[in-house]
Amino acid sequence: MTREELQQLIATQFAGCSFEEGTEWLTVDISADSWKTGAQWLRQHNDLLFDFLFCLTCVDWKTHLTMVYHLTSTTYRHTLVVKCKLNREKPEIETVSDIWRTAEFHEREVYELFGVIFLNHPDLRKLILPDEWEGYPLRKDYEDPINMIKL
Amino acid sequence: MYRETEVLQSVPGTDEMVINVGPQHPSTHGVLHLVLTIDGEKVKKVEPHLGYIHRSIEKMCESLTYRQFIYTTSRMDYLAAHINNHACAMCVEKGLQLKVPQRAQYIRVIMDELTRIASHCLWWGSVAMDCGAVTPFFLAFREREMINTIMEETCGARLTMNYMVPGGVMADIHPNFQRSVKDFIAHFKTKIDEYDELVTGNIIFESRLKKVGMLSKEDAISYGCTGPTARGSGVHCDVRKLYPYEVYDKVQFNEILQTGCDSYARYLVRLAELRESMSIIDQLIDNIPEGDFQAKTKAVLKLPKGEFYSRVETPRGELGVYIVSEGGTTPYRIKFRSPGFSNLSALDHMTRGQKIGDLVAIMGTLDLVIPDIDR
């Protein structure tokens, strides 16, 4: 499927989504509410079959957080980047760990480093940091008086 | 991360016990802490606790320039430092739209493949040791030592090479390089048969690995497994074939696929990859073109605003580097998609219902490098 065809098909599922220009892969911005049903659709649709989530991360833009999902299909070899804007004060999004199992670990990592709450995650605990750690180290406003890395 | 748990706990109302394996345990090859729930010898649940050597490389990179940040990545997957550096250099080159000279591309690929051989050798020694054989470890280190000497000659370092820079490689190859590599390949061609003879057909080794740690093709994809771990389950995922970079599209080599889905299949994939790597080096070593080893770049690199993703095939799988640039001299955000992290997430699924002794063998065939997982 060409990029244009892929874009047209994806636009039918996500109402009000926008596509970014000049990116390596097709990049779609969607709202966090439509993510869970959209993810299931992307995984199951016979012409899409996005079965491989190869990168899941978050970016802190100071005004908001953006979740970034890199998806590819092992059948058709097309790639899609999905972005969801989240409120910085109350970042919440549905988990996709039941659709792509690898998301379980990646979401736990994002949870502790960015403070994003993944709703309905089976085991949302800190993975890398100690339990009593305060603050979210990968956020831009994070300050640690002792261990701060600044050059 | 470490939690105050007793060494041995029992789960009330059942025969189950909770025990800690690691963080200091010879079989975990590094500071990995596993909390096992066991019923007798049977493993009910494996819960990895990470973070003992988490250095927050991603945060560090946000305050390092595009020339500097590459050096921190040698400390991620320390058995494949070249390939980590390569991924980062490629991502910066993608942003700058920089063309790498042919000579540098050849050198890079040869270095990558030498690294793969060294890494797989170390893995071969340690997986045999995990299953109770001590000798292979010494044999594997004999070969690995030769590669380290070649690296030392050209890069000046044995483990954290820092040889790849944006635009090419840091220095030209040593005059002896081609001869030393050819000597090594000639030596290794006889030794790899010895590897096969010693371990591959061994009945004890086979029964420790066959039908152990099953990972179906669907699960391998769902868990995001890449590299030999996924190829042992028949997933077509070699980045060198799917998204060829540098001169990988000019050389003949096979992507090794096995459909056994067990630990033994993963063993066979890695062993066959050793031979493929040798063949790639064979094809390139005499044909390194003359010319520059580095493209001309500005002293201060500035990436345009945007997002860049590059990926390479490390001995453990697909390493992705995702740079978000705001147009400055440092990355705004950088994410390393490390192969070990995703492969580790499948460990619990693969180990449930197996014996504790098998857990060690399964971890051995996953080829975990802990700094790569923790970053």
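In what follows, chains are A, B, ... by sequence order, proteins preceding strands, each numbered from 1. The figures here come from the full heavy-atom set of this structure, side chains too, leaving out hydrogens, waters and symmetry mates.
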In Å, rounded to the nearest 0.5 Å, how long is the span from NE2 of H49(B) to CD1 of I128(A)? 12.5 Å
SG of C225(B) to CZ of R101(A): how many Å apart, nearest 0.5 Å? 11.0 Å
For the NZ atom on K302(B), are there more than 12 heavy atoms of other groups (residues, nucleotides or ligands in this structure) within a distance under 6.0 Å? no
Distance check, rounded to the nearest 0.5 Å: S345(B) atom OG versus E109(A) atom CD? 11.5 Å
Which heavy atom of R139(A) sits nearest a heavy atom of K59(B), and at what distance? O-NZ, 3.0 Å
Over all atoms of both residues, closest heavy-atom pair of F52(A) and G224(B): CE1-CA, 3.4 Å
Between K140(A) and Y332(B), does the side chain to side chain contact (heavy atoms under 4.5 Å, CB included) criterion hold? Intermediate values first, please. CA-CA 10 Å; K140(A) 290 286 174 184; Y332(B) 185 77; 3.6 Å; yes
Just by modelled atom types, is the S342(B) backbone N or O under 3.5 Å from a matching donor or acceptor in the T102(A) side chain? no
To the nearest 0.5 angstrom, please state how far the CG atom of L113(A) sits from the NZ atom of K335(B). 9.0 Å
Within the supplied structure, the quantity of interest is the number of heavy atoms (other residues, nucleotides, ligands) at a distance under 6.0 Å from K85(A) NZ; does it exceed 12? no
Please look at E326(B) and chain A and tell me whether the side chain, the backbone, both or neither of the residue comes under 4.5 angstrom of a heavy atom of that chain. side chain
F308(B) versus chain A, heavy atoms under 4.5 Å apart: side chain, backbone, both or neither? neither
Here the gap from F105(A) atom CZ to I373(B) atom CD1, rounded to the nearest 0.5 Å, amounts to 9.0 Å
Which atoms of L242(B) approach chain A - backbone, side chain, both or neither, heavy atom under 4.5 Å: side chain
Under the 3.5 angstrom rule, does the side chain of R333(B) hit a backbone N or O of C58(A) as a donor-acceptor pair? yes
With only heavy atoms counted, which part of Y243(B) is less than 4.5 Å from chain A, the side chain, the backbone, both or neither? side chain
Say whether, by atom type as modelled, one donor and one acceptor occur between the side chain of R337(B) and the main chain of F54(A) under 3.5 angstrom. yes
Which heavy atom in H236(B) sits nearest to a heavy atom in R77(A), and how many Å separate them? O-NH2, 2.9 Å
Heavy-atom distances under 4.5 Å only: say whether T23(A) touches chain B with side chain, backbone, both or neither. neither
So, the part of T66(A) with a heavy atom under 4.5 Å from chain B: the answer is neither
Interatomic spacing from NE2 in H70(A) to CD in E307(B) - rounded to 0.5 Å: 7.0 Å
With a 4.5 angstrom heavy-atom cut-off, is it the side chain or the backbone of W25(A) that approaches chain B, or both, or neither? side chain
Tell me, for D60(A) versus chain B, whether the close heavy atoms (under 4.5 Å) come from the side chain, the backbone, both or neither. backbone
Is the closest side-chain heavy-atom distance between F341(B) and H106(A) below 4.5 Å? yes
Does a sphere of radius 6.0 Å around NZ in K44(B) hold more than 12 heavy atoms from other residues, nucleotides or ligands, not counting ones at 6.0 Å or beyond? no
Between I221(B) and D51(A), the two heavy atoms sitting closest are CG2-O, 3.3 Å
Heavy atoms, side chains only, cut-off 4.5 Å: are Y309(B) and V81(A) in contact? no
